[in-house]
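To start, the structure under review is shown below, and the notes come after it.
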Amino acid sequence: MAVRVRAAPSPTGSLHIGGVHTFLFNWLNARHEGGEFRLRIENTDTGREVVEAVEQIQESLRWLGLDWDGPVTFQLDRAERCRIEARRLVEEGKAYEDEGAIRIRMPDEGVTGWEDLVRGRIEYPNEKLEDLVAIRSDGRPTYNFASPVEDWLDGITHVIRGEDHISNTPKQIKILEALGAPMPEYAHLANIFGPDGRKLSKRHGAVGVDEFRAEGYLPDALVNFLALIGWSYDDRTEIMTRDELIERFTLDRVGASPGVFDYVKLADLNGKYLRALPPDKYADALVGYLRERGYEWDEDRVRRTAPLVQEKITRFGEYPIFAGFFFDGMPQPDPALLDPEVLAAAHEALAEVEPFDVSSIEQALRAMADRLELKPRQAFQPVRVAVTGSTVSPGLFESLEVLGRDESLARITAAGKA
RNA sequence: GGCGCAUUCGUCUAGUGGCCUAGGACACCGCCCUCUCACGGCGGCGGCACGGGUUCGAAUCCCGUAUGCGCCUCCA
């Protein structure tokens, strides 16, 4: 039977990165098996629904490059079918009415178990199962009823979800049995926590997909990083393209222990992706990012500076602070770092440089350092601070060239007066 | 509290009874490169939660303990 999986996010806000992880594993499994991947919105809890979130979720998935098959479905649209099935179960004596609600009978003895694709055999004592509400007294189906009913209706073969659903699984198995529906395979993924071991939340850093996007991460890097939490290909391979991920992903290599979301490692991986980009692609992506973030900086200059920062920044979000001095973002230089004598010499040297390009600038500045009997760093640092406003910057000679003679001299003069 | 799940360097992980003197990556430390910062190169620090078994042999299997997490809602 062809594999068919689903992801079922709740439309309660921006797509959470933990949800993306689950989504990704479902997607990888489906694509690896040549199966289908469905997107279902679990909007049973109408009170918490955020309408814009439905569109936002899809936009986030498109950005991530994770596609789904068929139309997006909504749990609420199947409410009537759920009621019909519940009434059928009442007629069959498998459920009963209770203060306007419909409850499913759960057995009192024995165990309910399944072969979890990630964890192996899991068994639950039936005496722990309460008769669960399938239809609320207001007529809306509960999640625990609607979810298995929809899995059945959609012909879902593999339910891959977070481990917080483990204790729901025996209930849902019982519902499926009562319904006379075929049993899907279950795989429960480990949760992802913050660096402090607590549930990943806002105070750890970015948690919503749009936040990672805003900080300038590449979707490919994010996907690659997420794939590596709870799954690995072997003992050394980390960087993998989407196709490689799809080719290599199998559920039997998925681990059961919880993972910590390491922002530092994500940054490292993103940096590797950024550096591996061909220069023109890098510039395109950078320009696109800045435009999306609302910067109205000269595109040609952004493109010229792109190669100067490619080796140095780890995500596009660092560009404005690292390279903002090329535009309007130069911080006030620290006077303590400005050596008037050096600045005067640099001004003099640069005024005569012809042509005003990297190699001539370097030649002139090094000659100046020799004249002043200064080590390169002693001679260049004041100039760097004067021109970029910071002790940390892209290459000095390259930066001067991009700035041009007039702008460079003006900044050196301004700093000399300070 | 009950039930369930989990437990290899700080973090992500490799490991499915001998290949393990436990491998890789991130982080950290040192050195090299160097105009700053990065990148890159080289080296280092650092782990099988604990206790019992089983076995000729256990990180790997079993039991117990501890710890963490999840669920126990007419939330999802």
Side-chain angles (χ1 to χ4, degrees), chain A residues 8-12 42-45 47-49 75 98-103 116 118-120 122-125 127-130 132-147 161-171 188 190-193 195 197-199 225-239 252-253 255-269 271-272 275 308-314 318 322 337 362 365-366 369 374-385 388 390-400:
Chain A
S10 299
T12 51
E42 302 211 322
N43 57 346
T44 309
D45 189 7
R48 273 163 53 185
E49 181 173 358
Q75 196 157 70
D98 175 30
E99 300 195 33
I102 297 179
R103 283 185 185 270
D116 197 279
V118 168
R119 290 153 203 273
I122 296 180
E123 291 186 336
Y124 251 74
E127 57 177 330
K128 300 295 172 191
L129 300 179
E130 303 278 311
L132 71 81
V133 172
I135 307 295
R136 297 180 175 91
S137 49
D138 66 2
R140 289 152 53 224
T142 60
Y143 161 79
N144 264 319
F145 185 64
S147 187
R161 60 197 349 181
E163 67 178 327
D164 42 329
H165 286 288
I166 290 178
S167 24
N168 287 327
T169 303
K171 302 172 193 171
H188 288 93
N191 284 144
I192 298 177
F193 297 100
R198 307 198 59 88
K199 206 163 126 191
F225 175 73
L226 251 17
L228 258 18
I229 300 180
W231 176 82
S232 66
Y233 174 58
D234 59 19
D235 64 337
R236 55 195 64 246
T237 313
E238 292 205 326
I239 308 274
D252 62 340
R253 286 196 63 81
S257 51
V260 169
F261 193 98
D262 187 348
Y263 289 90
V264 177
K265 180 139 185 166
L266 200 216
D268 173 74
L269 197 62
K272 287 186 163 102
R275 272 175 256 126
L308 309 187
V309 303
Q310 187 166 12
E311 288 281 306
K312 299 173 185 288
I313 63 177
T314 216
E318 291 171 324
F322 189 71
L337 301 171
E362 174 163 8
L365 254 22
R366 286 194 187 280
L374 291 173
K375 288 183 183 301
R377 80 175 282 162
Q378 296 173 310
F380 302 157
Q381 202 65 342
V383 182
R384 180 193 316 285
V385 172
T388 71
S390 168
T391 56
V392 175
S393 79
L396 180 58
F397 317 128
E398 291 80 358
S399 297
L400 288 168

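Numbered from 1 within each chain, the chains take letters A, B, ... in sequence-line order.
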Whole-angstrom distance between B/rC19 and B/rG41, as gauged at atom C1' | 30 Å

Taking the nucleotide of RNA chain B with the closest heavy atom to each, which residue, A/Val133 or A/Leu266, is nearer the 5' end?
-> A/Leu266

Tell me whether the OP1 or OP2 atom of B/rC26 has a side-chain N or O from A/Lys272 closer than 4.0 Å.
-> yes

NA contact type, A/Ala101, heavy-atom cut-off 4.0 Å: base, sugar-phosphate, or nothing?
-> base

Across all strands, who's sitting opposite B/rC61 as a Watson-Crick or G-U wobble pair, both distances under 3.5 Å?
-> B/rG53

Out of B/rA14, B/rC37, B/rC35, whichever nucleotide has its closest atom nearest the side chain of A/Val392 | B/rC37

How far does NZ of A/Lys171 sit from CD of A/Glu130, to the nearest 0.5 angstrom?
-> 8.5 Å

Less than 4.0 Å between a side-chain N and a carboxylate O, is that true for A/Asp138 and A/Arg136?
-> no

Side-chain atoms of A/Val264 come closest, of B/rG4, B/rC26, B/rC12, to B/rC26

Between B/rA6, B/rG40, B/rC3, which nucleotide gets closest to the side-chain atoms of A/Arg119?
-> B/rA6

Remember a base hit wins even if backbone is also touched, and classify A/Glu99 as base, sugar-phosphate or nothing at under 4.0 Å, heavy atoms.
-> base

Under the 3.5 Å rule, do the base of B/rC72 and the side chain of A/Ser167 count as making a donor-acceptor pair?
-> no

Interatomic distance, A/Phe193 CZ vs B/rG68 C1' [rounded to whole Å] | 8 Å

Are A/His165 and B/rG70 stacked, counting the six-membered base ring, centres under 5.5 Å, planes under 30°?
-> no

Looking only at heavy atoms, which two atoms of A/Glu42 and A/Tyr143 are closest? And how far apart?
-> OE1-CE1, 2.8 Å

With heavy atoms under 4.0 Å as the rule, sort A/Leu269 into base, sugar-phosphate or nothing.
-> nothing

Would you indicate what A/Glu127 reaches in the nucleic acid, counting non-hydrogen atoms under 4.0 angstrom: base, sugar-phosphate, or nothing?
-> nothing

Sugar-phosphate only, base, or nothing, as touched by A/Asp98 at under 4.0 Å among non-hydrogen atoms | base

Using the C1' atom in both, what is the distance from B/rU11 to B/rC45, to the nearest Å?
-> 15 Å

Check whether any side-chain N or O of A/Glu318 sits under 3.5 Å from a backbone N or O of A/Thr314 as a donor-acceptor pair, and report yes or no.
-> yes

Using atom C1' of each nucleotide, how far apart are B/rU73 and B/rG68 to the nearest Å?
-> 24 Å

Please determine, for B/rG10, whether a Watson-Crick or G-U wobble partner exists with both distances under 3.5 Å, and give it or none.
-> B/rC26

Rounded distance (nearest 0.5 Å) linking atom CG of A/Asp262 with atom CG of A/Leu269 | 11.0 Å

Comparing A/Thr237 with A/Asp164, nearest RNA chain B nucleotide closer to 5' gives the residue A/Thr237

Taking the P atom of each, how far is B/rC61 from B/rC5, in whole Å?
-> 15 Å

Closer than 4.0 Å, any side-chain N/O of A/Arg366 to the OP1 or OP2 of B/rC35?
-> yes

Which part of the nucleic acid does A/Glu238 contact within heavy-atom distance under 4.0 Å: base, sugar-phosphate only, or nothing?
-> base

Passes side chain to side chain donor-acceptor pair (under 3.5 Å), A/Thr169 versus A/Arg161? Steps please.
-> CA-CA 10 Å; A/Thr169 303; A/Arg161 60 197 349 181; 3.0 Å; yes

Atom CG of A/Leu226 and atom P of B/rA25 are separated, to the nearest Å, by 22 Å

Roughly how far apart, to the nearest Å, are B/rG47 and B/rG10 at atom C1'?
-> 10 Å

Would you mind classifying the nucleic acid contact of A/Gly395 as base, sugar-phosphate or nothing, using non-hydrogen atoms under 4.0 angstrom?
-> base

Go through B/rC3, B/rU13, B/rC5 for me and flag the one nearest to the A/Ser232 side chain.
-> B/rU13

What's the CD-P distance between A/Glu362 and B/rU36, to the nearest Å?
-> 12 Å

So what does A/Thr391 touch, heavy atoms closer than 4.0 Å: a base, only the sugar-phosphate, or nothing?
-> base

Quick one: look up who B/rG68 pairs with, Watson-Crick or G-U, both distances under 3.5 Å, and put none if it's unpaired.
-> B/rC5

Quick one: label A/Phe397 by what it contacts on the DNA or RNA (base, sugar-phosphate, nothing), any heavy atom closer than 4.0 Å.
-> base

Would you state whether a donor and an acceptor, one from the side chain of A/Lys265 and one from the base of B/rA25, lie under 3.5 Å apart?
-> yes

Taking the same atom, P, in B/rU8 and in B/rC3, what whole-Å distance lies between them?
-> 25 Å

Between B/rG18 and B/rU13 - P atom distance, rounded Å = 23 Å

Between B/rG23, B/rC26, B/rA6, which one does the side chain of A/Pro258 approach most closely?
-> B/rA6

Given B/rC12, B/rU36, B/rC5, the nucleotide with the shortest approach to the side chain of A/Leu228 | B/rC12

Identify which nucleotide among B/rA76, B/rC37, B/rC35 has an atom closest to any side-chain atom of A/Gln381, counting heavy atoms from C-beta outward.
-> B/rC35

Whole angstrom value for the distance that separates P of B/rC5 from OH of A/Tyr124 = 7 Å

Scan A/Ser257 against the nucleic acid and name what it touches under 4.0 Å (heavy atoms): base, sugar-phosphate only, or nothing.
-> sugar-phosphate

A/Asn168 side-chain N/O to A/Asn144 backbone N/O, donor-acceptor pair under 3.5 Å | no

Rounded to the nearest Å, what distance is computed from the CD1 atom of residue A/Ile122 to the C1' atom of nucleotide B/rA6?
-> 11 Å

Check: A/Tyr233 main-chain N/O paired with A/Arg253 side-chain donor or acceptor under 3.5 Å | yes

Hey, is the side chain of A/Asn168 pairing donor to acceptor with the base of B/rA76 inside 3.5 Å?
-> yes

Less than 4.0 Å between a side-chain N and a carboxylate O, is that true for A/Glu163 and A/Arg119?
-> yes

Decide whether A/His165 and A/Ser147 meet the rule of one side-chain donor and one side-chain acceptor closer than 3.5 Å.
-> no

Nearest whole angstrom, please: distance from the C1' of B/rG24 to the CG of A/Asp268.
-> 13 Å

Pick the P atom in B/rC20 and in B/rC39, then give their distance to the nearest Å.
-> 32 Å

Is any side-chain N or O of A/Arg384 under 3.5 Å from a base N or O of B/rC35, one able to act as donor and the other as acceptor?
-> yes

Shortest side-chain distance from A/Tyr143, nucleotide among B/rC35, B/rA76, B/rG23 | B/rA76

B/rA76 phosphate, OP1 or OP2, under 4.0 Å from A/Arg136 side-chain N/O | yes

For A/Asn191, which contact category applies under a 4.0 Å heavy-atom criterion: base, sugar-phosphate, or nothing?
-> nothing

A/Glu311 CD - B/rC33 C1' separation (whole Å) = 14 Å

Describe the nucleic acid contact of A/Leu396 in one word from base, sugar-phosphate, nothing, applying a heavy-atom distance below 4.0 Å.
-> base

Which nucleotide in the list B/rA14, B/rC35, B/rC5 gets nearest to the side chain of A/Phe380?
-> B/rC35

CZ of A/Arg253 versus P of B/rU16: gap in Å, rounded?
-> 10 Å

Is A/Arg161 touching bases, backbone alone, or none of the nucleic acid, heavy atoms closer than 4.0 Å?
-> nothing

